[in-house]
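Atom set for the values below is all heavy atoms of this structure, side chains included, hydrogens, waters and symmetry mates excluded. Nothing here was measured: the structure is a model prediction, and the numbers come from that model. Nothing fancy with the numbering, it's 1 onward along the sequence.
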Amino acid sequence: MVLLFPWKPLLSLLLFLSLFSYEHWISIPSCNIVPNTDLNQQEHDVVEEENDNDEVLKVMLVANLLLLGSDTSFFNLYFRDYYMSKVFKKSFYSLKPDMLLVMGDVSARGSTLTRGKWVSVLHQFHGMIGPFIELPFHVVLGDMDVGGCSGLDSNSVYWIARSFPGLDSSGCGAFDIDNVSFVSLNAVALLCGNNKLRFSVEKAVEMERIGSWMDSEKEMSDYGEFTKMSDSFGRRKDLVTSGLGPVLLLHFPLHRAENGGCKEGNIVRKAPMPLRQGLNALESSRGYTGAPYELWNTIPPNATQYIFQALKPRTDEADILVLLMLDAFWIVFSAHTHEFCDHTHSDGTREITVPAMTWKARDDPGFVFATFRSGGNTVSVSYCSLARESHVLIAYTLILFLLITLWLVANKPYNMCLR
């Protein structure tokens, strides 16, 4: 009597284990530090070694989640959004961040949604970020959230802004966590000429400039009481006297020179300027469109100059030299373009553009992980890449093909008997 080896169930088990392992592997981000061009690597390593014992604030920055709430398709809900929720969970436990920053466009078409459907987007957002809901988090408003210039409504912006912690009625915010100060502005309003929201944003900038956010309870009520997600997540009194200025958070990147470039690791490429038409075409092809509006890819030059003059810390040449040696300088985080960019402005300001973190926007999504040391005086930036959607689909298709082939082979004798 010949004993046959039970290879069929073992092979099936092996395929299922491979599928489980692959799903686990692709949800783990791959993060690489992006060195500052103002420092050579040797100086950077020395600074990191000297600061090992300093207080550290670790922040995860994501952008362009483009959630659809109750309008989500089956494919998006059980594949794209499901995968991103696993990425959030894996990142939470592997990177151990202290805070989450969402740089705008939480919703794919929030400006056209009813309040009921916005609530479904918020529920989806809270479910996606998972364990981050227990950490301090801050959301910057994007154009897909509040609409473009033609449909920008202060009442609608206020209703959306109050759904997220730390935002005032105009969609701006300021807070301090672990001795690092942050200021977020409603960049959409800065692109729309003379409007009520733009004046409110400029007023918020001026209040930040003179450092009087906490000077009167009346002004406190005007700008809204910032939600404290933890005992250390509140507003700071000494934003100006710190000398380095706050970390600036914007949805739209600041204006750059035409020959400005973006650094991805050690590769410098031409900046993606200005070309909103291309993004509109991409958004239409992906199935989400906002109201028509006239937006550039960057904040206009005059608004950029105004922000620099109002918020950038004043330093003399000696201070600048010291700050460069310590890798300490004013830093800006932005989003909107769907692509990662590390850009240094002509005055030395470093701007990091956070890529889209969804397969709805690009085949290779990602996010940024920033580590602040010495109360925000130094910052280390890492670009974290995720698996390509095309590669994942090919892998799943191959596994499905193998399973079907295995089933046909396993049932071949039975099929022959039927004949």
Any heavy-atom pair between the side chains of [Y] and [X] that's under 4.5 Å?
X	Y	answer
Ser385	Asp364	no
Lys90	Trp25	no
Trp159	Asn155	no
Pro29	Phe367	yes
Pro355	Val368	yes
Arg350	Asp342	yes
His343	Pro253	no
Trp359	Leu386	no

Are the side chain of [X] and the backbone of [Y] linked by a donor-acceptor contact shorter than 3.5 Å?
X	Y	answer
Lys360	Leu66	yes
Asp168	Cys172	yes
Thr358	Ala361	no
Tyr306	Glu202	yes
Asp143	Gly147	no
Asp145	Val106	yes
Ser156	Leu152	no

Which pair of heavy atoms, one from [X] and one from [Y], lies closest together, and at what distance?
X	Y	result
Gly69	Gln124	N-OE1, 2.7 Å
Ala108	Leu68	CB-CD2, 3.5 Å
Leu135	Met99	CD1-N, 4.3 Å
Ser91	Pro97	O-CD, 3.8 Å
Val121	Ser107	CG1-CB, 4.0 Å
Val59	Leu61	O-CD1, 3.8 Å

Picking from [options], what satisfies side-chain contact (heavy atoms from CB on, under 4.5 Å) with [X]?
X	options	value
Phe252	Leu191, Thr298, Val140, Thr304	Leu191
Val146	Leu197, Asp105, Asp153, Val188	Val188
Met357	Met60, Arg362, Met103, His338	Met60

- Query: Quick one: do the Ser390 and Asp363 side chains pair a donor with an acceptor below 3.5 Å?
  - Reply: yes
- Task: Consider only side-chain N and O atoms of His24 and Lys86, and report whether a donor and an acceptor are under 3.5 Å apart.
- Result: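 Lys86 and His24 do not have a side-chain donor-acceptor pair below 3.5 Å.
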So with a 6.0 Å cut-off around [atom1] of [X], is the heavy-atom count from everything else above 12?
X	atom1	answer
Phe401	CZ	no
Tyr78	OH	no
Tyr22	OH	yes

- Item | For Arg162, salt bridge (charged side-chain N to carboxylate O under 4.0 Å, His left out) partners two or more places apart | none
Straight-line distance of [X] [atom1] to [Y] [atom2], nearest 0.5 Å:
X	Y	atom1	atom2	result
Ser70	His123	OG	NE2	11.0 Å
Glu134	Leu100	CD	CG	13.0 Å
Leu185	Leu190	CG	CG	6.5 Å
Ser184	Phe164	OG	CZ	12.0 Å
Tyr83	Glu389	OH	CD	10.0 Å
Leu65	Met128	CG	CE	6.0 Å

- Task: Take Ile352 and Phe340 through the test side chain to side chain contact (heavy atoms under 4.5 Å, CB included) and record every step on the way to the result.
- Result: CA-CA 7 Å; Ile352 303 294; Phe340 174 79; 3.8 Å; yes
- Lys/Arg N to Asp/Glu carboxylate O, Asp98 vs Lys58, below 4.0 Å: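 Salt bridge between Asp98 and Lys58, a charged N being under 4.0 Å from a carboxylate O: no.
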- Message: If we check ring-ring contact (aromatic ring centres under 6.0 Å, His included) with Phe88, which of these qualifies: Tyr82, Tyr93, Phe132?
- Response: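 Running ring-ring contact (aromatic ring centres under 6.0 Å, His included) over Tyr82, Tyr93, Phe132 with Phe88 returns exactly one hit, Phe132.
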- Task: Using the side chain to side chain contact (heavy atoms under 4.5 Å, CB included) rule, take Val62 and Val102 through it: C-alpha gap first, then chi angles, then the decisive distance, then the call.
- Result: CA-CA 5 Å; Val62 303; Val102 184; 3.9 Å; yes
- Message: Can you pull out every salt bridge (Lys or Arg N to Asp or Glu O under 4.0 Å) where at least one residue sits in residues 111-122? Sequence neighbours excluded, please.
- Response: Asp71-Lys117
- Query: Is the centre of the Phe182 ring less than 6.0 Å from the centre of the His138 ring?
  - Reply: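 Distance test on ring centres: not under 6.0 Å, no.
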- Message: Would Tyr383 and Asn32 count as a side chain to side chain contact (heavy atoms under 4.5 Å, CB included) here? Give the steps.
- Response: CA-CA 6 Å; Tyr383 170 61; Asn32 296 295; 5.9 Å; no
- Task: Could you go through the side chain to side chain contact (heavy atoms under 4.5 Å, CB included) check for Val354 and Leu101 one step at a time?
- Result: CA-CA 10 Å; Val354 181; Leu101 293 177; over 6 Å; no
